[in-house]
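Below: one structure, written as structure tokens.
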Amino acid sequence: MTDIKAALRAQHIETPSWAYGNSGTRFKVFAQRGVPRDPYEKLADAAQVHAYTGVAPTVALHIPWDKVDDYADLARHARELGVGIGAINSNVFQDDDYMLGSVTHPSARVRRKATDHLLECVDIMDATGSDTLKLWFSDGINYPGQDDIRARQDRLADSLAEVYGRLGEGQRFLLEYKLFEPAFYATDVPDWGTAYAHCVKLGPKAQVVVDTGHHAPGTNIEFIVAFLLREGKLGGFDFNSRFYADDDLMVGAADPFQLFRIMFEVVRGGGLDAETGVAFMLDQCHNIEPKIPGQIRSVMNVQEATAKALLVDRDALAAAQTEGDVLGANAVFMDAYNTDVRPLLAELREEMGLAPDPMTAYAKSGYFEKIAADRVGGTQAGWGA
């Protein structure tokens, strides 16, 4: 149990700055009281999540949503709050020029503009101390014949190679994939195999990020995780929950068993070890739930799935597998999943000097009431801000 607690204590779960702003669906964004008005206030809210969970010490930024004049000052502000700057997320999907794509666009001018933004994000990494650039492209086509599918892969490869060459010592980029949306006929990075192939060609500083909401129904995500870990190409996760498509709900909400299965493969493949470098990041849009408690609950959900994965009796499982004992192996697996790990995590938090129940502790802190009263006026952060 000591080893399990040590692993849980060492796990870091990164929260996204955009989860603290107003977000919604393509139909409606519901504004909430106390929402941050700038990146500094986003960091303050993220610091609350870390203060009550103890395992969320970094915050991912999204550029230009989190654009500031002085990124070194933003990093200083984060440190004063007890957190740090995590991954820098690029944005080449919200500009009118990108209607037909960004780095894969038919126009060399648009491709140059998009690649320059990615290089700007590396500059921001330098200024903030971030070691990770996250790349997601909405690029693709909606109709057969709209563009040359192979040529778009060539353009993508050229841009990725230029960005890769700009990375400094200790820096990397994570390439994200998505099955569909907003490109509906052919997405340029639609699956883990495409992302993996580009990353293998580039080298060790390029890895794949798995967004748990970016797959077709029935996809065995844990297989993808196991394969990428085996190849040393799993850079991290964007954790969220899906039921229909890319729903960006709280991680583990719709299928906690899937999250457990994923985390078991992470444990099995050594993904919790610091030297593996797997980043556990959240990527969520809290549409109807309050922002900070939504993040706290998500962190707790990842912790619970991780704790259950660590409880799997690996020796008993291996013995049953070797003997071909199908039901015995499954029973070992299910015994761990069916264990209530909440008392274990509450005990661990108390040992870390934290309240055993982060949700209750935050609710009693008065922080929401304070920000709801203080953050009056100005423009609330949201999609595109």
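- For Asp131 and Arg172, the salt-bridge test fails: no basic side-chain N is under 4.0 Å from an acidic carboxylate O.
- Here Tyr337 is tied into one hydrophobic group with Phe257, Phe260, Phe264, Val312, Leu317, Val332, Phe333, Met334, each link being a pair of ILVMFWY side chains closer than 4.5 Å.
- A donor-acceptor pair shorter than 3.5 Å can be found between the side chains of Thr306 and Gln11.
- Side chains of Asn91 and Trp136: a donor-acceptor N/O pair is absent below 3.5 angstrom, by distance only.
- Checked by atom type, the side-chain pair Tyr367/Asp45 shows a donor-acceptor distance below 3.5 Å.
- Using a 4.0 Å cut-off between charged nitrogen and carboxylate oxygen, Lys67 and Glu120 count as a salt-bridge pair.
- Counted by atom type alone, Gln295 and His286 present one or more donor-acceptor pairs between their side chains at under 3.5 Å.
- Rounding to the nearest 0.5 Å gives a distance of 11.5 Å between CZ of Arg76 and CD1 of Ile85.
- Using a 4.0 Å cut-off between charged nitrogen and carboxylate oxygen, Asp147 and Arg152 count as a salt-bridge pair.
- Judged purely by distance below 3.5 Å, without hydrogens or angles, the side chains of Asp273 and Thr276 never pair a donor atom with an acceptor atom.
- Using a cutoff of 4.0 Å between basic side-chain nitrogens and carboxylate oxygens, Glu265 and Arg261 are not scored as salt-bridged.
- Between the side chains of Gln284 and Asp248, no donor-acceptor pair of N or O atoms lies under 3.5 Å.
- Taking 4.0 Å as the cut-off between side-chain N and carboxylate O, Arg109 and Asp97 count as a salt-bridged pair.
- For the pair Lys201 and Tyr196, the NZ or CZ position fails the cation-pi test of under 6.0 Å to the six-membered ring centre and within 45 degrees of the ring normal.
- For Arg242 and Asp247, the salt-bridge test fails: no basic side-chain N is under 4.0 Å from an acidic carboxylate O.
- Of the options Val92, Val163, Asp158, Leu118, a side-chain contact (heavy atoms from CB on, under 4.5 Å) to Val103 is made by Leu118 and by none of the others.
- Looking only at atom types and distance, the side chain of Tyr20 has a donor-acceptor partner in the side chain of Thr15 under 3.5 Å away.
- Salt bridge status for Lys134 with Asp238: present, with a side-chain N to carboxylate O gap under 4.0 Å.
- Every residue two or more places apart in sequence or in another chain was checked for a side-chain hydrogen bond (donor to acceptor under 3.5 Å, both in side chains) with Arg9, and none qualifies.
- In this structure the side chain of Glu347 never reaches within 4.5 angstrom of the side chain of Arg342, judged on heavy atoms.
- In summary, the side chains of Tyr164 and His198 do not present any donor paired with an acceptor at a separation below 3.5 Å, with no hydrogens or angles considered.
- Using a cut-off of 4.0 Å between Lys/Arg side-chain N and Asp/Glu carboxylate O, Glu41 and Arg375 are scored as salt-bridged.
- The pair Lys42-Asp66 meets the salt-bridge criterion, since a charged nitrogen lies less than 4.0 angstrom from a carboxylate oxygen.
- When every heavy atom of Ala31 is checked against every heavy atom of Asn22, the shortest pair comes out as CA-OD1, 3.5 Å.
- Checking Trp65 against Gln94 by side-chain atom types alone, a donor-acceptor pair falls below 3.5 Å.
- With 3.5 Å as the limit, one finds no donor-acceptor pair spanning the side chains of Thr115 and Glu162.
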Inset, instruction - Any chance you could lay out the ring pair (Phe, Tyr, Trp, His ring centres under 6.0 Å) test for Phe227 and Trp192, step after step, and finish with the verdict? - result: CA-CA 10 Å; Phe227 183 92; Trp192 70 272; 5.0 Å; yes
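- His77 meets the side-chain contact (heavy atoms from CB on, under 4.5 Å) test with Tyr40, Leu43, Leu81; sequence neighbours excluded.
- Dense packing is recorded around CZ of Arg37, with more than 12 heavy atoms of other residues, nucleotides or ligands lying under 6.0 Å away.
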